[in-house]
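Sequential numbering from 1 along the given sequence is applied to the chain's residues.
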Amino acid sequence: MRDRAQVISIKDGDIKIMPLISDVCINCDKAICAKRGKSFSVSNPKKLPVKCGDIVKVSSSLPHQILQALFALVFPVLCGVAGYIYFPGGEGAKAAAVTVCFALGALVVFVVTHFLPPLKSIIADVLSA
């Protein structure tokens, strides 16, 4: 995710932003926020000077993006491979095991991404005051 947003409040180090309308967020639940106008909290690890009303560039950290890619893409595939390797039987049974294990892996990804709180995005830059 890489987007622009406006800082709407700063309270005890908790920075709330309101996304500006954009279509760059493809696989992030915050894209829905951009369309609905919902605010969310971000972190400021660079300790950039921000104040209410500033336009900031918001992004996800690289380690978070790598973890997301590994979990969302590799985990279900590994589940399918495990189903093939560890399930005894003929080719038809192994194909069914691959399908079931892949679907279970995808279900785990769905549950984790929809029911656990998301990791905080970070303020990458202050664009204007």
Show the nearest heavy-atom pair for residues [X] and [Y], with the distance to one decimal.
{"X": "Phe75", "Y": "Val109", "result": "CD2-CG2, 4.1 Å"}
{"X": "Gly83", "Y": "Ala97", "result": "O-CB, 3.6 Å"}
{"X": "Ile17", "Y": "Ala5", "result": "CD1-CB, 3.5 Å"}
{"X": "Ser9", "Y": "Cys52", "result": "CA-SG, 3.7 Å"}
{"X": "Val77", "Y": "Leu73", "result": "CG2-O, 3.4 Å"}
{"X": "Ser59", "Y": "Ala124", "result": "OG-CB, 3.7 Å"}

Distance, nearest 0.5 Å, that separates [atom1] of [X] from [atom2] of [Y]:
{"X": "Ile15", "Y": "Asn44", "atom1": "CD1", "atom2": "CG", "answer": "4.5 Å"}
{"X": "Lys57", "Y": "Ile122", "atom1": "NZ", "atom2": "CD1", "answer": "11.0 Å"}
{"X": "Cys101", "Y": "Leu78", "atom1": "SG", "atom2": "CG", "answer": "11.5 Å"}
{"X": "Ile8", "Y": "Lys16", "atom1": "CD1", "atom2": "NZ", "answer": "7.5 Å"}

Check whether [X] and [Y] end up in the same hydrophobic cluster, where Ile, Leu, Val, Met, Phe, Trp and Tyr are linked by side-chain heavy atoms less than 4.5 Å apart.
{"X": "Leu62", "Y": "Leu70", "value": "yes"}
{"X": "Phe115", "Y": "Val108", "value": "no"}
{"X": "Val81", "Y": "Tyr86", "value": "yes"}

If you define the side chain from C-beta out and look only at heavy atoms, does anything of [X] sit under 4.5 Å from [Y]?
{"X": "Pro19", "Y": "Phe40", "answer": "yes"}
{"X": "Phe102", "Y": "Cys79", "answer": "no"}
{"X": "Val42", "Y": "Lys120", "answer": "no"}
{"X": "Val56", "Y": "Leu127", "answer": "no"}

Q) For Asp125, which residues count as a salt bridge (Lys or Arg N to Asp or Glu O under 4.0 Å) partner, sequence neighbours excluded? A)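 None.
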Q) Can a cation-pi geometry be assigned to Lys94 and Phe87, taking NZ or CZ under 6.0 Å from the six-membered ring centre and within 45° of the ring axis? A)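 Output no; distance or angle outside limits.
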**Q.** Pair Asp14 + Lys11: basic N to acidic O under 4.0 Å
**A.** no
Q | Pairwise ring-ring contact (aromatic ring centres under 6.0 Å, His included) hits with a residue in residues 41-67, at least two apart | A | none
